[in-house]
2 protein chains.
Amino acid sequence: MDDLGQAGGTEPEDTRVRAARIQDVARLADVSTATVSRALATPERVSPEARARVLEAIAKTGYVPNPAARSLRSQKTFMVLVVLPDLSNTFFSKILRGIEETLFEAGYGMIISDLDGSPEKEAHFAAFTAAGRVDGAILLNGHLFGQTREGEGQPARISIPLVALCEAIPGADIPQIEIDNRAAASRMTQHLASLGHRRIAYVSGPANNILERERFSGFKDGLEAAGQPFDPTLVLPGDYTIESGVAAGQALVARATRPTAVFCTSDEMAIGLMRTLFSAGLRVPQDMSVAGFDDIEFAAVAEPALTTIHQPRRELGQAAASALIALLQGRPSPKRIRLETDLVIRDSVASLERSSRA
Amino acid sequence: MDDLGQAGGTEPEDTRVRAARIQDVARLADVSTATVSRALATPERVSPEARARVLEAIAKTGYVPNPAARSLRSQKTFMVLVVLPDLSNTFFSKILRGIEETLFEAGYGMIISDLDGSPEKEAHFAAFTAAGRVDGAILLNGHLFGQTREGEGQPARISIPLVALCEAIPGADIPQIEIDNRAAASRMTQHLASLGHRRIAYVSGPANNILERERFSGFKDGLEAAGQPFDPTLVLPGDYTIESGVAAGQALVARATRPTAVFCTSDEMAIGLMRTLFSAGLRVPQDMSVAGFDDIEFAAVAEPALTTIHQPRRELGQAAASALIALLQGRPSPKRIRLETDLVIRDSVASLERSSRA
DNA sequence: CGACCCCATGTAATCGATTACATGCAACTT
DNA sequence: AAGTTGCATGTAATCGATTACATGGGGTCG
């Protein structure tokens, strides 16, 4: 309990001052605390003179309302929880930015929870929301809280407004903001097929992941639309990370007959996979075409520049935040928002000239 | 004010229940609220029987202490603000993860503020901390709050524990967690020089940025150590982004006499710059060597794989969070922590065989 | 000119947990 | 046996802002 030893102690006088309270402002402005509160919340209900005195007193004292007190009384925190599976994944950063921007404009703060695949953390944050520590949450992880241990002495569930972003949550009756993963994957597959590719490999996302299921369906849709049979041996497991792309590349390189094109369901995997191909002496797209998904910043500057599906990440974040804010303010929110994707054609996919007629 | 229209309304009964309060628990366990509080905060000060009854009641009601009330009374929020200049920058994501992990283990939540170069946002978050909404803050943006408009009716400044991460804050008497940017830049420069490079270009970070100043000093140190003169025409402006790397590449390509090596002070710029070189038909490292800084995930899988300075990003985040937690708990914290960097040699830098003897 | 209304403002209850202080009881000391 | 100590527990003040309700004064209407 030794208080000393803290960094910051060279200044002679203790600058750590007690924050000004509403009472201090009230006294200085010679009004009651109620008037101060009203001057801030409902200025039109306070006389101009009183308002002016209050504002002056606020400026003089540097008063900022104590959020804990305000929150205790009004049962609002002006905080939103953002739940995501992996904070260090590049894909999320721009989405987060979109969320943060929009929340900020509406006066909300953002608390981030990186689940990191840990059920304990999930339980913790479930309790966190239940404790009323946030007004709402944006879920990027594809499922609701507490779906784990059901039954038992389940206490009264506190439900706060939720919004699902990117990974739709099947059973949940909450706004879902997403792209049409299935259609996008189908489109990319057909693009590859249209360039003559007959042996198209698919590097998947994590099993049971909703995005993966959608994209995989889209992949099969695309093959079907192109009149091509689905070959399970051309499906390689992945989990959207660079490393899994590298591993998938190694698996492909080791094969006797290789696909002519690979559709990776994330750019990170595509970039990792290309790396492995280069190391093995293969060229992209001459020896193998590679397509990605997401259009992260590095897709455009990869070598070769990556053909991929563009996701409006910032807009996705903004849309999710807007939907949540609508709910928080008691306004209706659309149940499902689907933002448009684009097929971005760059240099990693080539037309298959010869031997395209198998 | 129409309440209807909200998503979530198919269930017949309203599941939104009032959360259990400490009084509910107290009544159920047949003790006072003080005992409930003590059973949680200081279990050893409560009889085993009472404690058991309290815990049972808590389990039954699903009680979670109201953080607003707790915070109001105890003047603690168990929240930490993380201030960063650009959330969508890849470099920060792993740092954030390190921070989040460590904070989480200590029971702290993380609020993120992406300043985005906006003074308004900065002012907002300054007020935010002043309002006691967080117990401490980790600053990744290289300066303290409120250094903008000084003077004026500066209200009593509330100071909370702060920690500077990555970008040291010159005057501030707070723990600084960083790497030795100057030494690292010098090392890379000497590495390039040792491979025979005599014309080494430097792509800078934003002007006035402390990192930039350090790295630039290191660059000059390195040249001096290698016995090379500093040539201002070989300094190209950048701001750590991919785009600025692309721009720097264009500037280089346009030159009559080009450098044989380029030291980019971020991997993102290096990757962007390489992209431009390829587009211009130049090869890396045969025609020009390129070095980066940071060792982000994509550095290892870039083509060619990027020679760079490795920063222990996760550890940096963890160290900053640990230092802050120490301060928050009244323990001393070292004023300055410098984590080790590594020179990671990959394929983007080559030895200059011929013409190295200028 | 009296009744009524509205507006600006003040008073005080309230949100829910923490904790200083008070109390009562049991065990121990001399 | 009286006094002391210490533990478990309860009572109630407290944190700071919001807001329902009360109040008083000025204006309007009949």
Side-chain angles (χ1 to χ4, degrees), chain A residues 17-55 57-58 61-79 107 127-128 130-133 135 156 158, chain B residues 17-55 57-58 61-79 107 127-128 130-133 135 156 158:
Chain A
V17 191
R18 197 177 190 75
R21 294 160 304 154
I22 196 169
Q23 294 205 25
D24 303 324
V25 175
R27 199 177 315 124
L28 199 63
D30 197 32
V31 295
S32 71
T33 60
T35 301
V36 175
S37 182
R38 282 190 282 254
L40 291 170
T42 52
E44 73 281 2
R45 305 207 49 218
V46 169
S47 72
E49 306 83 52
R51 197 189 316 158
R53 286 211 310 282
V54 167
L55 293 179
I58 286 176
T61 55
Y63 168 73
V64 180
N66 181 311
R70 182 206 289 263
S71 169
L72 176 61
R73 178 66 222 249
S74 62
Q75 307 288 7
K76 289 199 170 117
T77 63
F78 282 98
M79 278 287 155
F128 196 87
R133 198 138 183 182
D135 293 343
I158 316 303
Chain B
V17 192
R18 196 177 190 75
R21 294 160 305 153
I22 196 168
Q23 295 206 25
D24 304 324
V25 174
R27 201 179 313 124
L28 199 64
D30 198 30
V31 294
S32 71
T33 60
T35 301
V36 174
S37 183
R38 283 191 281 253
L40 290 171
T42 51
E44 73 281 2
R45 306 207 47 217
V46 169
S47 71
E49 307 83 51
R51 196 188 318 157
R53 286 211 310 282
V54 167
L55 292 179
I58 285 175
T61 54
Y63 168 74
V64 180
N66 180 312
R70 183 207 289 261
S71 170
L72 176 60
R73 178 65 223 246
S74 61
Q75 307 288 7
K76 290 200 169 121
T77 63
F78 282 98
M79 279 287 155
F128 196 87
R133 197 138 184 182
D135 293 344
I158 315 304

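All values below come from the heavy atoms of this structure, side chains included, with hydrogens, waters and symmetry mates left out. Quick note on labels: first sequence line is chain A, next is B, and so on, each numbered from 1. This is a predicted model, so every value here is computed, not measured.
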In whole angstroms, the gap separating P of D:dA8 from CD of B:E49 amounts to 9 Å
Looking only at heavy atoms, the pair that brings A:M79 and A:R133 closest together is CB-O, 3.9 Å
Looking only at heavy atoms, the pair that brings B:L72 and A:A69 closest together is CD1-CB, 3.7 Å
**Asked** Mind checking whether A:Y63 and A:L28 have side chains closer than 4.5 Å, heavy atoms only?
**Response** no
In whole angstroms, the gap separating C1' of D:dT9 from CZ of B:R51 amounts to 14 Å
The complete set of salt bridge (charged side-chain N to carboxylate O under 4.0 Å, His left out) pairs with one or both residues in residues 20-39 of chain B, sequence neighbours excluded, reads B:R21-B:D24, B:D24-B:R27
Closest heavy-atom pair, A:S71 versus A:T77, reported as atoms and distance to 0.1 Å, is OG-CG2, 3.7 Å
Double-helix bend of the helix from C:dC1-D:dG30 to C:dT30-D:dA1, axes at both ends from 5 pairs, round to 10°, gives 40°
Letter by letter from the 5' end, nucleotides 15-21 of chain D scores (B base, S sugar-phosphate only, - none; protein heavy atoms under 4.0 Å) BBBBBB-
Residues B:N66 and A:Q75: closest non-hydrogen pair is ND2-OE1, 4.4 Å
Practice prompt. Answer yes or no: is there a side-chain heavy-atom contact under 4.5 Å between B:V46 and B:V54?
Written response: no
Here the distance between atom C1' of C:dG10 and atom CZ of A:R27, to the nearest Å, is 16 Å
**Prompt:** Do the side chain of A:R53 and the main chain of A:A29 share a donor and acceptor less than 3.5 angstrom apart?
**Reply:** yes
